[in-house]
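Chain naming here is simple, since letters A, B, ... match the order of the sequence lines and numbering starts at 1 in each.
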Amino acid sequence: MYKTKINFFNPYKIALSGQAFRIAPIDGTHTELVSRGKYLQIADLGESVFAFSCGEEEFNNIWHNYFDLGRDYEGIARSVDPGDDFLVKATGFGSGIRILKQECFETVISYIISQRRSIPSITTCVDRLSSLCGGEVPVPDEVFKNDIFVSPLKEKYYAFPDASRVAELTADDLNRIGAGYRTPYIMRAAQDFNSGKLTYEGLDSLDDDELYKALTSMYGVGVKVANCIMLFSFARTGRFPVDVWIKRIEDKYYGGKFDETRYPGTAGILQQFMFYYIRKGSLEE
DNA sequence: GTCCAGGATCGGG
DNA sequence: CCCGATCATGGA
């Protein structure tokens, strides 16, 4: 168990923010996730103090980066135009949300799956894919031994499969987990990552325009999914994905188009606040 | 049963 | 370049 104080960090909101599909709140103060082939539980102890179900070394090597804890989110919130009522509200409401640095292949496949589906439906499909061919991930003993933590939601957890495993699946396999018409998209993406035609390192070495071009040239990856991959896996925080929810915001509050060039390098982070607010904000009004 | 979902592709104008 | 039809399925 590693305990530390973190400002502007709210795992509960992050779990509900819809940017990742394998993180979930257990109750109001506990959140669990699987990433990097590991199970992690976080307990919110109040006063901005959090307990992680791992050692200090794992926290520093993996989770500090995963949760983007080195970035100044307070400064980003302060940079918002005070005359933009909607954005000010959204940023305040979502305070504590971080842009996760998710694994590349998982993000590509998850967002290919995401097209034209609701978030619960995406989660179901990604979970089915993981339990079909991802390796089982143990829950650390610490979760059961230390009463700071609570019982996990599920009995078993599975890593998101790597490209070699997904590349072995047949169209029937993918249809069975509910991939629907995205099945051929997933198959080709898995082949490209498995063959080495696409790699995280290769893609990450590209600048924004080149990366965008590389992603949108993939079969089944269009404008929106490419921007999500860039934002949620490559930390290209200037990218501004527009889905049906953001489009509604643009129509209602920004005359049809949000001027993302006003926030170079941070528009994507603000986008996530907007997305969270339009979907969850009304629940507390 | 109906409707919509963190859209992309394809063909045709 | 822009437009409309179409795509398979889960969840509300």
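Among residues at least two apart or in separate chains, ring-ring contact (aromatic ring centres under 6.0 Å, His included) pairs with a member in residues 108-130 of chain A are A:F21-A:Y111, A:Y111-A:F232. Among residues at least two apart or in separate chains, side chain to side chain donor-acceptor pair (under 3.5 Å) pairs with a member in residues 208-235 of chain A are A:D208-A:R236, A:N227-A:R239. Residue pairs meeting the side chain to side chain donor-acceptor pair (under 3.5 Å) criterion with at least one partner in residues 7-21 of chain A, sequence neighbours excluded, are A:S17-A:Q19, A:S17-A:Q272. For residues 118-164 of chain A, the ring-ring contact (aromatic ring centres under 6.0 Å, His included) pairs, not counting sequence neighbours, are A:Y39-A:Y157.
Rounded to whole Å, atom P of C:dA8 lies 14 Å from atom CG of A:D172. If you measure from atom CD1 of A:I177 to atom C1' of C:dG10, you get 13 Å, rounded to the nearest angstrom.
Between the C1' atoms of B:dG6 and C:dG4, the separation comes to 22 Å (whole Å). Between C:dA8 and B:dG11, the two P atoms lie 16 Å apart (nearest whole Å).
Checked against side-chain contact (heavy atoms from CB on, under 4.5 Å), A:T4 has the following partners two or more places apart in sequence or in another chain: A:Y2, A:I6, A:F52, A:F59.
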Could you go through the ring pair (Phe, Tyr, Trp, His ring centres under 6.0 Å) check for A:F86 and A:Y277 one step at a time? CA-CA 9 Å; A:F86 177 79; A:Y277 184 59; 5.5 Å; yes

Can you build the contact string for nucleotides 6-13 of chain B? Use B for base contact, S for sugar-phosphate-only contact, and - for no protein heavy atom under 4.0 Å. BBSSS---

